Amino acid sequence: MASHFVVRSVDRADPEIIAALRTAGVATAHEAAGRIGLLGPRIQARQTGSAIAGSAITVSCHPGDNLMIHAAVEVCRPGDVLVVTTTSPSTDGMFGELLATSLAARGVVGLVIDAGVRDTAELREMSFPVWSRAVHAQGTVKASPGSVNIPVVADGQIVRPGDIVVADDDGVLVLPAASGGRVAEAAAKRVENEKEKRRQLADGTLGVDMYNLRPLLAELGVQYVDRLPEGS
């Protein structure tokens, strides 16, 4: 029989680094990290305007069974993000208003789940941010063992306990806690650099000139013509 665990201890990143990555946002932090750590697009925000970051508490569940989500609540701390996966693909509604209420009481800032959620109207009303593979009213049971705080895979991306999770309208990013400081610093530099680019673009500068792309276009054989030649 396979072993199943609830691991109580997780090494979490510095809260200031986590806050800086939340401010930077998914797109900027992803670029600053070297374009790594992004979950696939099937996991989407179920609300708009939410932006979170926190330490990952990971859960591996049997499909259609949310027993281990309940077990995971106990080890969550304020500022954590719960990351739930299933051992085979599932879109069942494994999470809803009652579990969100329990997590909110523990200070959990949001949920990322590679499966389904339900009670979405109530989740929005209580301002509990959720990113999920599906919205599905199909209920679940509480019967099968799984594990809490082991490495899992969510929409193609490995997530380890204590990893930094950043999530907003653009998607979900996962970074090793050890790289958080470096990525936060690089993200802050990108934000400052983009302020000047934004100013230039607002003043009417074209991107092809700001980025000096005209030589590249010519090298690639792109021609500027007033009209296409006859017969083209």
Side-chain angles (χ1 to χ4, degrees), residues 13-14 16-54 56 58 81 83 85 89 91 110 112-115 129-135 151-160 163-232:
D14 188 312
E16 291 187 1
I17 292 173
I18 291 173
L21 290 168
R22 179 181 64 245
T23 299
V26 169
T28 296
H30 180 236
E31 294 286 352
R35 299 183 180 179
I36 62 169
L38 196 63
L39 272 63
R42 288 175 291 187
I43 295 182
Q44 299 183 8
R46 299 304 166 183
Q47 65 288 299
T48 58
S50 293
I52 66 168
T58 62
V81 177
V83 179
T85 64
T91 57
V112 176
I113 180 168
D114 198 352
V130 167
W131 287 257
S132 73
R133 174 182 289 266
V135 174
V152 298
V153 175
D155 204 0
Q157 181 63 49
I158 189 166
V159 186
R160 297 176 176 85
D163 279 355
I164 301 171
V165 180
V166 187
D168 58 25
D169 288 342
D170 289 337
V172 181
L173 176 70
V174 177
L175 299 169
S179 70
R182 173 183 59 80
V183 175
E185 183 177 346
K189 291 179 179 178
R190 288 187 65 88
V191 170
E192 285 302 312
N193 183 255
E194 287 176 358
K195 286 181 180 178
E196 173 59 22
K197 292 178 180 177
R198 190 176 299 109
R199 183 195 65 77
Q200 292 184 47
L201 293 170
D203 287 344
T205 301
L206 296 173
V208 291
D209 294 321
M210 185 175 70
Y211 293 108
N212 192 30
L213 298 177
R214 295 188 189 278
L216 175 60
L217 289 168
E219 181 182 339
L220 294 173
V222 178
Q223 302 178 51
Y224 283 81
V225 297
D226 292 328
R227 296 180 183 276
L228 287 176
E230 290 292 333
S232 296

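Keep in mind the model is a prediction, meaning the values are calculated, not measured.
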Donor on one side chain, acceptor on other, K197 and N193, under 3.5 Å: yes
Test log, rule side chain to side chain contact (heavy atoms under 4.5 Å, CB included), inputs V130 and Q47: CA-CA 7 Å; V130 167; Q47 65 288 299; 4.2 Å; yes
Residue that, paired with V81, satisfies side-chain contact (heavy atoms from CB on, under 4.5 Å) out of V166, D163, V112: V112
Test log, rule side chain to side chain contact (heavy atoms under 4.5 Å, CB included), inputs V172 and V165: CA-CA 7 Å; V172 181; V165 180; 3.9 Å; yes
Shortest non-hydrogen separation from R133 to T91 and the atoms involved: CD-CG2, 4.2 Å
Electrostatic pair E196:R199 at N-O distance under 4.0 angstrom: yes
Minimal non-hydrogen separation, V159 against A56, with atom names: CG1-CB, 4.0 Å
Any side-chain donor near an acceptor of the partner, R190 and T28, under 3.5 Å: no
Any donor-acceptor N/O pair, D203 side chain to T205 backbone, under 3.5 Å: no
D209/R214 under side chain to side chain contact (heavy atoms under 4.5 Å, CB included): CA gap, chis, key distance, verdict: CA-CA 7 Å; D209 294 321; R214 295 188 189 278; 2.6 Å; yes
Heavy atoms of other groups near R35 CZ, more than 12 under 6.0 Å: no
Pairing of E185 and R182 as salt bridge, 4.0 angstrom limit: no
Check: G25 main-chain N/O paired with D168 side-chain donor or acceptor under 3.5 Å: no
Worked check of side chain to side chain contact (heavy atoms under 4.5 Å, CB included) between L217 and Y224: CA-CA 10 Å; L217 289 168; Y224 283 81; 3.5 Å; yes
Which atom of L201 lies closest to which atom of L206, heavy atoms considered: CD2-C, 4.5 Å
More than 12 heavy atoms from other groups under 6.0 Å of CD on Q200: yes
Smallest separation among heavy atoms of I17 and I164, with atom names: CG2-CD1, 4.3 Å
Considering all heavy atoms, the nearest A187-A29 contact: CB-CA, 4.5 Å
Check: R42 side chain, D155 main-chain N or O, donor-acceptor pair, under 3.5 Å: no
Distance in Å, L39 CG paired with I158 CD1, rounded so as to fall on 0.5 Å steps: 11.5 Å
Nearest heavy-atom neighbours spanning W131 and S50: CZ2-O, 4.0 Å
T85 and T58, any side-chain heavy atoms less than 4.5 Å apart: no
Nearest-0.5 Å distance that lies between atom CG in D169 and atom CD in Q44: 11.0 Å
